[in-house]
A.B. asks: 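Encoded as C-alpha cells, here's the structure I'll be asking about.
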Amino acid sequence: MNIIIIGAGPGGYETALVAAKRGVEVVLIEAGPVGGTCLNEGCIPTKAFCKNAEVLDGLKEAEAFGLIGLSYDFDFKAVAARKNAVVEQLRGGVEGMLGHKNITLVRGKASFKDAHTVTVIPNSSAIPNSSVIPSEVEGPLQEYTADYIIIATGSVSASLPIPGADLPGILTSREILDIEEVPQRLCVIGGGVIGLEFASVFRSFGSEVTVVEYCKDILPRFDTDLAKRLKQSLGKRGIEINTQAQVTSISETDGEYTVSYLRKGKEESVSADKVLMAVGRKANLASLNLADIGVEFTPRGIVVNDVMQTNLPHIYAVGDINGRMMLAHAATFQGIVALDHIMGISNEIDLSVMPAAVFTSPEAASVGKTEDECKEAGIPVKCLKSFFRANGKAVTMGETDGFCKIVVAADPKEGCESPYEPGRVLGCHLYGPHAADIVQEACAMISRRASLADFQSIIHTHPTLTEVLQNALHG
Ligand SMILES: Cc1cc2nc3c(=O)[nH]c(=O)nc-3n(C[C@H](O)[C@H](O)[C@H](O)COP(=O)(O)OP(=O)(O)OC[C@H]3O[C@@H](n4cnc5c(N)ncnc54)[C@H](O)[C@@H]3O)c2cc1C
C-alpha cells in the first residue's frame with residue numbers, strides 16, 4: 001500500500017511517521033518548512049514567547065515578595081533569538097524523523113492533476129536551514145500517484161473586509177512573531193485564543209494592550225463563566241478588553257494606527273503603534289485544484305465524514321483544512337483516524353473529546369461539554385466547582401486566581417430522557433495556573449466515559465494544583 005500526504009504540519013508529518021512505521025510507503029509533500037504552522041509560526045514559537053513572559057512576570061513577583069529590587073534591562077532581541085533557536089531545534093528533530101526509509105519527502109507545492117495524480121512544483125528555496133535537499137526536487141514538475149491521498153494543507157490567517165485591513169504594518173500572527181521591538185501600544189483585533197495569547201505575552205513584555213472583540217464575550221467557544229472570569233483576570237493585569245465591538249476601519253498617520261469600532265451604537269476608537277489582526281483562520285484550499293477533481297468543500301474547509309474521508313473514498317482531509325477543530329493535536333489524531341480507516345485498523349479514539357488550552361497568564365483549558373451547550377441541547381446537568389484560592393499549592397505559588405468547573409449529567413426531570421446516564425462526567429473547564437496540564441486528567445477520564453464516582457476514586461498528590469479537580473469532584 002502507498003499513500004501521498006500533502007502538507008507536513010502536525011496532521012501530515014505525524015501521520016506519515018505512523019504510516020511509515022507500519023510499513024506503508026509514504027510520499028510526503030511540503031511547500032515550506034516541515035512542522036507546518038504549529039512548529040514554525042504557531043504553537044511552538046508562541047509558547048517560547050509565553051515562557052519568556054512568565055520569566056519576566058516571575059521577576060515582578062520576586063520584587064513583590066520583597067526578594068529582589070526590580071532593576072533590569074529587558075532585551076527583546078534575546079526573546080526573539082530564543083524563540084528561533086527553539087523552533088530550529090524542533091524542526092531539526094522532525095527533519096531527522098522524516099528520514100525514515102519508508103518516507104520520501106518532496107519539497108514543493110502540490111496540486112491535483114486528477115483524482116489519482118498529484119503534481120508538484122519543486123520549491124527547494126522554501127527550505128530554511130535545511131541541509132537535505134533531495135535531488136528529486138530539482139528540475140521540472142513531478143507527478144505522483146498512490147492508492148490513497150491525505151490532504152493536510154492546514155490554514156492561513158483570516159482578515160476583516162474593512163478599509164485599512166491591508167495597510168502595510170497590520171500584523172498577522174505570523175508577522176508579530178518577527179517584530180523587532182515591543183510596541184508601546186498594541187491593539188489586538190479578536191479576543192479568541194490566538195489574540196488573547198499575544199495580548200497576554202505582550203502585556204508581560206511591557207506593551208499597553210487593548211483587545212477589540214466582536215462577540216459578547218472573549219473566547220466564544222469556551223464556557224461562559226470561564227470566559228467572563230478570565231476577562232476580569234486579564235483586566236487586572238492591565239489588558240483593556242472591549243467586547244461587543246465591531247471594528248469598522250483602520251487608518252494610519254505617521255506610524256500611528258487608529259482602529260475604529262462600533263460599540264452599542266456608538267463610534268469609538270483606539271490608537272496603537274501596532275495592530276494584530278487575530279480574527280480566526282481559514283482553510284488553506286488555494287491551489288489544490290479541488291473543484292476540478294470533484295472533492296467537496298465549503299469556505300470552511302473540505303467536507304469529511306467521521307473518519308476524515310472526503311466524498312472521493314480514496315481521498316482524506318485532516319487537520320485545519322477540514323475546519324472541524326483548528327488544533328495541532330486534533331490534526332494529529334484525525335490523521336491517525338484516517339490512516340486506521342485506510343488500513344482497516346480499529347481504534348478507541350474519540351475525536352469528540354478534544355482538549356483545548358489558552359496559554360494566557362493565567363492559563364485556561366477545557367474539555368468536553370460546556371454547561372451552556374448542555375442547556376441548549378436539553379441535557380440535564382449539575383456543575384461542581386472549586387477555586388484555586390483554596391488550593392494549598394496555588395497559595396504557596398501566589399497564583400490563586402482561577403477556578404475549576406466540572407459538568408456532570410444529572411437525573412432528567414420526570415417524563416424526560418437524557419442521552420447520558422446520571423453521574424457521567426461530561427466536561428471540565430478551568431482557568432488558573434497550569435490549567436492546560438491539569439485538564440489532561442479530566443480528558444483521560446471523560447474519553448473513557450468515567451462517572452463522577454470513577455473520578456472521585458483517583459488519588460491526587462498533595463500539595464499539587466491537580467487537587468483543584470479533587471476539590472471540585474468532592475463538592
Ligand atoms: C499563533 C498560533 C498559535 C497556535 N497555538 C496552538 C496551540 O498552542 N495549540 C494547538 O493545539 N494549536 C495551536 N495553533 C493551531 C495549530 O498550529 C494548527 O491547528 C495546526 O498547525 C494544524 O495542523 P495541520 O497539519 O492541519 O496544518 P499546518 O500546521 O498548517 O500544516 C500545513 C502544511 O501544509 C503545507 N502546505 C500547504 N499547501 C500546500 C501545498 N499545496 N503543497 C504542499 N504543502 C502545502 C504548509 O506549508 C504547511 O506546512 C496555533 C496556531 C497559530 C497560528
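Both counts, for ligands and for their atoms, begin at 1 and track the order of listing. We're numbering straight along the sequence, starting at 1.
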A.B. asks: Does G108 come within less than 4.0 Å of ligand 1, judged by its heavy atoms?
C.D. replies: yes

A.B. asks: Number the atoms of ligand 1 from 1 as they appear, then name those within less than 4.0 Å of a heavy atom of N284, with their elements.
C.D. replies: 37 (C), 38 (N)

A.B. asks: For ligand 1, is there an N or O atom under 3.5 Å from any N or O atom of K109?
C.D. replies: no

A.B. asks: Relative to Y431, does R229 satisfy both conditions: NZ or CZ under 6.0 angstrom from the six-membered ring centre, and within 45 degrees of the ring's axis?
C.D. replies: no

A.B. asks: Can you confirm, on distance only, whether ligand 1 has an N/O atom lying under 3.5 Å from any N/O atom belonging to I194?
C.D. replies: no

A.B. asks: Where's the contact between A331 and ligand 1, heavy-atom distance under 4.0 Å: side chain, backbone, both or neither?
C.D. replies: side chain

A.B. asks: Using distance alone, determine whether L327 and ligand 1 share an N or O pair under 3.5 Å.
C.D. replies: yes

A.B. asks: Would you mind running through ligand 1 and noting each atom that sits below 4.0 Å from a heavy atom of F359?
C.D. replies: 8 (O)

A.B. asks: Are any of the N/O atoms on G11, whether in the backbone or the side chain, positioned under 3.5 angstrom from an N/O atom of ligand 1?
C.D. replies: yes

A.B. asks: Would you mind running through ligand 1 and noting each atom that sits below 4.0 Å from a heavy atom of K47?
C.D. replies: 5 (N), 6 (C), 7 (C), 8 (O)

A.B. asks: Taking only heavy atoms of G36, which atoms of ligand 1 are found under 4.0 Å from at least one of them?
C.D. replies: 29 (O), 31 (O), 48 (C), 49 (O)

A.B. asks: Give, for atom CD1 of I5 and atom OH of Y13, the distance between the pair rounded to the nearest 0.5 Å.
C.D. replies: 12.5 Å

A.B. asks: Any nitrogen or oxygen of A110, main chain or side chain, under 3.5 Å from a nitrogen or oxygen of ligand 1?
C.D. replies: yes

A.B. asks: Go through it in stages, so that I can follow the logic: the residues are E197 and S200, the test is side chain to side chain donor-acceptor pair (under 3.5 Å), and I'd like the CA-CA distance, side-chain angles, deciding distance and then a yes or no.
C.D. replies: CA-CA 5 Å; E197 286 187 8; S200 180; over 6 Å; no

A.B. asks: Less than 3.5 Å between some nitrogen or oxygen of E41 and one of ligand 1, yes or no?
C.D. replies: no

A.B. asks: Count the heavy atoms belonging to other residues, nucleotides or ligands that lie under 6.0 Å from CZ of F333, then report whether that count exceeds 12.
C.D. replies: no

A.B. asks: State the atoms of ligand 1, each with its element, that fall below the 4.0 Å cut-off from a heavy-atom position in A152.
C.D. replies: 32 (C), 33 (C), 34 (O)

A.B. asks: Counting heavy atoms not belonging to K109, are there more than 12 under 6.0 Å from its NZ?
C.D. replies: no

A.B. asks: Check the pair S366 / H429 against side chain to side chain donor-acceptor pair (under 3.5 Å), numbers first and verdict last.
C.D. replies: CA-CA 4 Å; S366 179; H429 313 277; 2.8 Å; yes

A.B. asks: Would you indicate whether R22, at its atom CZ, is surrounded by more than 12 heavy atoms from other residues, nucleotides or ligands within a distance under 6.0 Å?
C.D. replies: yes

A.B. asks: Which is it for D320 and ligand 1 at heavy atoms under 4.0 Å: side chain, backbone, both or neither?
C.D. replies: both

A.B. asks: Side chains of residues 49-58: which donor-acceptor pairs under 3.5 Å do they make with residues two or more places apart or in other chains?
C.D. replies:
| unit_1 | atom_1 | unit_2 | atom_2 | d |
| --- | --- | --- | --- | --- |
| N52 | ND2 | A48 | O | 3.3 |
| D57 | OD1 | S204 | OG | 3.2 |
| D57 | OD2 | S204 | OG | 2.9 |

A.B. asks: Please list, in number order, the atoms of ligand 1 under 4.0 Å from a heavy atom of H329.
C.D. replies: 11 (O)

A.B. asks: May I ask whether R281 has any heavy atom positioned less than 4.0 angstrom from an atom of ligand 1?
C.D. replies: yes

A.B. asks: Does an N or O anywhere in I321 fall below 3.5 Å from an N or O of ligand 1?
C.D. replies: no

A.B. asks: If you measure every N/O of A328 against every N/O of ligand 1, is any gap under 3.5 Å?
C.D. replies: yes

A.B. asks: Quiz question: by atom type and distance under 3.5 Å, do the side chains of Q334 and N322 form a donor-acceptor pair?
C.D. replies: yes

A.B. asks: Would you compute the distance between atom CE of M308 and atom CG of L351 and round it to the nearest 0.5 angstrom?
C.D. replies: 5.0 Å

A.B. asks: Just which atoms of ligand 1 are under 4.0 Å from any heavy atom in G319?
C.D. replies: 26 (O)

A.B. asks: Report the C-alpha distance between D217 and T224 in whole Å, list the side-chain angles of each, state the deciding distance to 0.1 Å, and finish with yes or no for side chain to side chain donor-acceptor pair (under 3.5 Å).
C.D. replies: CA-CA 7 Å; D217 283 314; T224 41; 5.7 Å; no

A.B. asks: I29 heavy atoms, cut-off 4.0 Å: which ligand 1 atoms fall inside?
C.D. replies: 43 (C), 44 (N)

A.B. asks: Does an N or O from S173, backbone or side chain, lie closer than 3.5 Å to an N or O of ligand 1?
C.D. replies: no

